[in-house]
Amino acid sequence: QVQLVESGGGLVQAGGSLRLSCAASGLRFINYAMGWFRQAPGKEREFVAALNWSGGMTYYADSVKGRFTISRDNAKNTVYLQMNSLKPEDTAVYYCAARTGPFLTSSTYEYHYWGQGTQVTVSS
C-alpha cells in the first residue's frame with residue numbers, strides 16, 4: 001500500500017520560512033517523479049513544484065520561483081519543500097504527490113498517489 005505522509009506545516013509570519021517533508025512508503029521511490037501542490041480555501045488545487053527521480057530536473061510555478069526549493073533524498077524516500085520569504089497568499093494545505101514517467105508536469109491528473117496534506121498558514 002502506497003503512503004505519502006507530509007509534515008512540517010505550521011503557522012509562520014510573513015517573511016519567514018518553513019520546510020515541508022513528505023515520506024513515501026510502499027513504492028520504489030526512485031521510479032517516481034514527485035510534486036508539491038497546494039489548495040487554499042475556496043480555490044482549486046494548484047501546482048507548486050516538481051522534480052524528477054534524481055532531483056536533477058526541477059519545475060516551479062511562477063508564483064514560488066526564487067522562494068521555494070524542492071529536493072529529495074532517495075536514501076530516505078523523502079521529498080522536501082523549502083519555503084522562504086513566505087507571503088500570506090502562500091497560506092494553503094500543501095500536498096505531495098507521486099507519478100511515474102520521465103517528464104515533469106503541473107497537472108494534478110498526471111499524479112497517481114497523494115498525501116493527506118499539511119496546513120501552512122502565513123500571517124501578515
Side-chain angles (χ1 to χ4, degrees):
Q1 181 182 359
V2 175
Q3 281 194 311
L4 301 177
V5 180
E6 301 96 335
S7 61
L11 174 63
V12 64
Q13 288 190 330
S17 299
L18 282 174
R19 188 173 86 151
L20 306 183
S21 300
C22 171
S25 60
L27 51 74
R28 192 159 191 260
F29 191 62
I30 61 170
N31 285 355
Y32 287 80
M34 301 297 294
W36 285 97
F37 292 76
R38 65 187 182 187
Q39 188 167 18
K43 295 189 176 181
E44 291 189 354
R45 192 168 297 189
E46 66 173 6
F47 171 74
V48 175
L51 82 172
N52 72 334
W53 71 273
S54 69
M57 290 176 54
T58 57
Y59 176 32
Y60 294 94
D62 288 343
S63 59
V64 306
K65 205 172 291 184
R67 299 188 298 124
F68 291 9
T69 302
I70 188 171
S71 62
R72 66 192 292 162
D73 184 338
N74 287 339
K76 296 182 178 179
N77 284 10
T78 301
V79 62
Y80 304 98
L81 186 69
Q82 177 67 44
M83 304 186 295
N84 298 329
S85 303
L86 282 161
K87 305 174 181 180
E89 51 264 43
D90 294 318
T91 295
V93 178
Y94 283 70
Y95 299 89
C96 72
R99 69 177 303 276
T100 56
F103 60 91
L104 304 180
T105 175
S106 61
S107 171
T108 58
Y109 299 104
E110 300 289 340
Y111 288 81
H112 311 301
Y113 301 108
W114 292 85
Q116 82 290 345
T118 186
Q119 176 70 47
V120 171
T121 304
V122 185
S123 63
S124 56

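Bear in mind that the values here come from a model prediction, so they are computed numbers and not experimental data.
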Closer than 3.5 angstrom, by distance alone: can the side chain of R72 be matched with the main-chain N or O of F29 as a donor-acceptor pair?
yes
Rounded to the nearest 0.5 Å, what's the gap from OG on S124 to CD on E89? Could you check?
10.0 Å
Side chains of V120 and V122 in contact at under 4.5 Å (non-hydrogen atoms):
yes
Do Y111 side-chain atoms and T105 backbone N/O form a donor-acceptor pair below 3.5 Å?
yes
Quick check: does any side chain N or O of N74 sit under 3.5 Å from a backbone N or O of I30, one acting as donor and the other as acceptor?
no
I'd like to check R67 versus M83 (side-chain heavy atoms, cut-off strictly below 4.5 Å). Are they in contact?
no
Would a distance-only check, ignoring hydrogens and angles, find a side-chain to backbone donor-acceptor pair under 3.5 Å from T78 to A23?
no
Which atom pair, heavy atoms only, marks the closest approach of G56 to N52?
N-OD1, 3.0 Å
Starting at CG of L20, measure out to CH2 of W36 and round the result to the nearest 0.5 Å.
4.5 Å
Test: salt bridge (charged side-chain N to carboxylate O under 4.0 Å, His left out). Region: residues 107-124. Which pairs qualify, not counting sequence neighbours?
R99-E110
For the CG atom of L11 and the OG1 atom of T121, what is their distance to the nearest 0.5 Å?
6.0 Å
Can you pull out every disulfide bond (SG atoms under 2.5 Å apart) where at least one residue sits in residues 10-78? Sequence neighbours excluded, please.
C22-C96
Measure from the side-chain N and O atoms of E46 to the backbone N and O of R38, and report whether any donor-acceptor pair falls under 3.5 Å.
no
Are D90 and K87 close enough for a salt bridge, meaning some N to O gap below 4.0 Å?
no
Take a 6.0 Å sphere around CH2 of W53 and say whether it holds more than 12 heavy atoms from other residues, nucleotides or ligands.
no
Look up atom OG1 in T118 and atom CG in L81, then write down how far apart they are to the nearest 0.5 Å.
11.0 Å
What about Y95 and Y60, same hydrophobic cluster or not, with Ile/Leu/Val/Met/Phe/Trp/Tyr joined at side-chain heavy-atom distances under 4.5 Å?
no
Side-chain contact test, heavy atoms from C-beta onward, threshold under 4.5 Å: evaluate it for R19 versus Y80 and give yes or no.
yes
Quick one: do V48 and L18 end up in the same hydrophobic cluster if we chain Ile, Leu, Val, Met, Phe, Trp and Tyr together by side-chain heavy atoms under 4.5 Å apart?
yes
Side-chain contact test, heavy atoms from C-beta onward, threshold under 4.5 Å: evaluate it for F47 versus T108 and give yes or no.
no
Spell out, as yes or no, whether a donor-acceptor pair under 3.5 Å connects the side chain of E6 to the backbone of Q116.
yes
Pairwise side-chain contact, F68 with L86, heavy-atom cut-off 4.5 Å (strictly under):
yes
